[in-house]
Protein chains: 2
Amino acid sequence: MKRLAPINESTRERRLEEFERQCRERRIPLTPQRRVLLKAVLDLDSHPTADQVHAAPSVRRARISRATVYRALESLVRLGIIAKACHPHGVVRYDGRVEQHHHLICLRCGAVVDVAAPELDALPLPDASALGFEVENYRVQLRGLCRRCREKEGT
Amino acid sequence: MKRLAPINESTRERRLEEFERQCRERRIPLTPQRRVLLKAVLDLDSHPTADQVHAAPSVRRARISRATVYRALESLVRLGIIAKACHPHGVVRYDGRVEQHHHLICLRCGAVVDVAAPELDALPLPDASALGFEVENYRVQLRGLCRRCREKEGT
DNA sequence: ATACGTGCAAAGCGTTTGCATTTCT
DNA sequence: AGAAATGCAAACGCTTTGCACGTAT
């Protein structure tokens with residue numbers, strides 16, 4: 001299993017174009033703020049909270065208000081350009097990766113690591129229609145403890 | 001794929017005993033509040049937030065303060081008697097089920113449904129040790145839209 | 001006896017909202 | 001022009017904390 005490499009330049013470009021296309025198609029205003037925020041999420045490549053995005057240098061420089069950060073990130077999610085990461089702690093976290101991938105999650109500190117695991121990428125998906133659900137995609141969450149938390153065990 | 005049946009009487013008893021055993025073993029005070037809270041989580045059988053647990057009739061009756069609910073639930077998690085559910089919204093949710101199971105998650109309203117899916121129960125787990133992680137267990141999150149949210153689509 | 005849990009109230013964050021203003025299409 | 005997004009500040013809701021007191025071991 002490998003940690004995913006950061007999103008590279010060409011993927012980033014593609015995602016930005018995808019974003020602009022979506023905006024045009026769905027007649028949604030393409031504001032500079034949203035573009036800056038999308039770039040920030042893609043560049044952070046962690047699973048930032050809205051506040052961490054707000055604190056990113058590029059976002060600070062653009063003087064984007066906190067309220068806009070919260071609202072714009074939700075818009076990007078609705079557009080399907082970014083996703084929300086599921087997380088055991090009580091904070092919303094955004095995920096710049098929308099393709100299939102999986103998460104290593106530290107149950108103690110909440111760290112999330114994106115991983116590629118081909119053996120988990122084509123699981124036989126059970127049929128959820130009987131329960132009224134329409135499944136769009138799935139994520140495998142590998143839960144445990146990261147190195148740092150294991151080292152300071154016993155808290 | 002089937003929705004999991006509510007936790008039955010005998011399982012509940014077993015879990016309560018397990019809790020008492022853990023307390024004795026690890027020399028942790030076994031308070032009546034914690035017992036009430038554990039029962040409440042097992043009985044709720046949703047994925048309650050701390051506040052929903054606090055609002056449960058049995059908890060109200062016992063007049064357990066909100067602060068204690070928050071602290072005691074965390075203790076139960078540390079004891080491994082209950083778990084935290086990973087969730088895309090910004091609230092901590094507790095899960096009374098600690099055995100292997102999976103989640104149907106509505107990306108819109110955040111509903112979580114516990115499901116049994118034998119075909120997902122014995123996945124070939126990739127080796128995460130190179131990344132410093134020690135994986136304890138995993139959950140497959142089937143993400144999509146629940147019936148209700150699909151019906152009022154287009155928001 | 002001692003360490004730990006509880007209750008209360010206040011503080012601390014993360015997040016949302018109302019409203020006037022600005023910006024995009 | 002019209003619809004929608006932004007910024008600001010205030011409001012809100014979830015969660016944590018300090019402290020005095022109570023309780024389990």
Side-chain angles (χ1 to χ4, degrees), chain A residues 19-38 40-41 46-56 58-79 81 84-85 87-94 108-110 154-155, chain B residues 19-38 40 47-56 58-79 81 84-85 87-94 108-110 154-155:
Chain A
F19 162 60
E20 303 190 358
R21 201 170 56 70
Q22 286 277 340
C23 283
R24 272 191 292 275
E25 223 168 69
R26 300 165 71 162
R27 313 209 159 282
I28 285 165
L30 193 168
T31 68
Q33 286 91 337
R34 294 217 260 238
R35 203 187 333 239
V36 169
L37 290 166
L38 172 54
V41 172
S46 47
H47 297 79
T49 65
D51 239 54
Q52 287 167 342
V53 175
H54 180 244
S58 59
V59 176
R60 301 222 73 111
R61 251 181 276 122
R63 297 207 139 55
I64 300 177
S65 80
R66 190 178 256 99
T68 296
V69 173
Y70 279 89
R71 282 184 291 221
L73 289 174
E74 283 304 309
S75 307
L76 292 174
V77 170
R78 251 177 286 122
L79 280 175
I81 297 291
K84 281 190 181 183
H87 195 269
H89 292 187
V91 222
V92 176
R93 284 168 173 278
Y94 296 92
R108 182 105 73 202
C109 69
T155 310
Chain B
F19 160 61
E20 304 190 358
R21 201 169 55 70
Q22 286 277 340
C23 284
R24 272 189 292 275
E25 225 168 70
R26 301 166 69 162
R27 310 207 163 281
I28 286 166
L30 194 167
T31 67
Q33 287 91 336
R34 289 190 189 161
R35 202 187 333 241
V36 169
L37 289 167
L38 172 54
H47 297 78
T49 64
D51 237 55
Q52 287 168 342
V53 175
H54 180 245
S58 57
V59 176
R60 302 222 71 111
R61 251 181 278 122
R63 296 207 141 55
I64 301 176
S65 78
R66 190 178 257 98
T68 296
V69 174
Y70 278 90
R71 282 184 290 221
L73 289 175
E74 284 304 309
S75 307
L76 292 174
V77 169
R78 249 177 287 122
L79 280 175
I81 297 292
K84 281 190 181 182
H87 195 270
H89 291 186
V91 222
V92 175
R93 284 167 174 280
Y94 295 93
R108 182 105 73 203
C109 70
T155 310

> B/H54: what forms a ring-ring contact (aromatic ring centres under 6.0 Å, His included) with it, not counting sequence neighbours?
Replying inline: none
> Hey, mind stepping through A/K84 and A/E74 against side-chain contact (heavy atoms from CB on, under 4.5 Å) and telling me if it holds?
Replying inline: CA-CA 9 Å; A/K84 281 190 181 183; A/E74 283 304 309; 3.0 Å; yes
So, using side-chain contact (heavy atoms from CB on, under 4.5 Å) as the criterion, who are the partners of [X] when residues are at least two apart?
X: A/V41; answer: A/V53, A/L73, A/I82
X: A/R63; answer: none
X: B/H87; answer: B/H89, B/R93, B/V112

>> Can you build the contact string for nucleotides 4-12 of chain C? Use B for base contact, S for sugar-phosphate-only contact, and - for no protein heavy atom under 4.0 Å.
In response: SSBBBB---
>> Rounded to whole Å, please give me the gap between CD in A/E20 and C1' in C/dC24.
In response: 13 Å
>> Tell me the interatomic distance from A/R93, atom CZ, to C/dT15, atom C1', rounded to whole angstroms.
In response: 15 Å
> Does anyone know the first and last nucleotide of DNA chain D in reach of chain A, 5' to 3', at under 4.0 angstrom to a heavy atom?
Replying inline: D/dA4 to D/dA9
> Axis-to-axis angle across the helix from C/dA1-D/dT25 to C/dT25-D/dA1, five pairs an end, to 10 degrees?
Replying inline: 50°
> Which pairs pass salt bridge (Lys or Arg N to Asp or Glu O under 4.0 Å) with one or both residues in residues 26-36 of chain A, sequence neighbours excluded?
Replying inline: A/E20-A/R35
> Would B/H47 and B/Q52 count as a side-chain contact (heavy atoms from CB on, under 4.5 Å) if you check the C-alpha gap in whole Å, the side-chain angles of each, and the deciding distance to 0.1 Å?
Replying inline: CA-CA 9 Å; B/H47 297 78; B/Q52 287 168 342; over 6 Å; no
> What residues in residues 47-55 of chain A put a non-hydrogen atom under 4.0 Å from any atom of DNA chain C?
Replying inline: A/D51
> Say you draw a straight line from CG of B/L37 to CD1 of B/I64; how long is it, rounded to the nearest 0.5 Å?
Replying inline: 4.0 Å
> So how far is it from A/L79 CG to A/L38 CG, rounded to the nearest 0.5 Å?
Replying inline: 10.0 Å
>> So, using salt bridge (charged side-chain N to carboxylate O under 4.0 Å, His left out) as the criterion, who are the partners of A/R66 when residues are at least two apart?
In response: A/D51
> Considering residues at least two apart in sequence or located in another chain, which fulfil the side-chain hydrogen bond (donor to acceptor under 3.5 Å, both in side chains) criterion with A/T68?
Replying inline: A/S65
> Which residues satisfy the side-chain hydrogen bond (donor to acceptor under 3.5 Å, both in side chains) test with A/S58, sequence neighbours excluded?
Replying inline: none
>> Could you go through B/V92 and B/Y70, starting from their C-alpha distance and side-chain angles, then the distance that decides it, and tell me whether this counts as side-chain contact (heavy atoms from CB on, under 4.5 Å)?
In response: CA-CA 10 Å; B/V92 175; B/Y70 278 90; over 6 Å; no
>> C/dT16, OP1 or OP2 - any side-chain N/O from A/Y70 closer than 4.0 Å?
In response: no
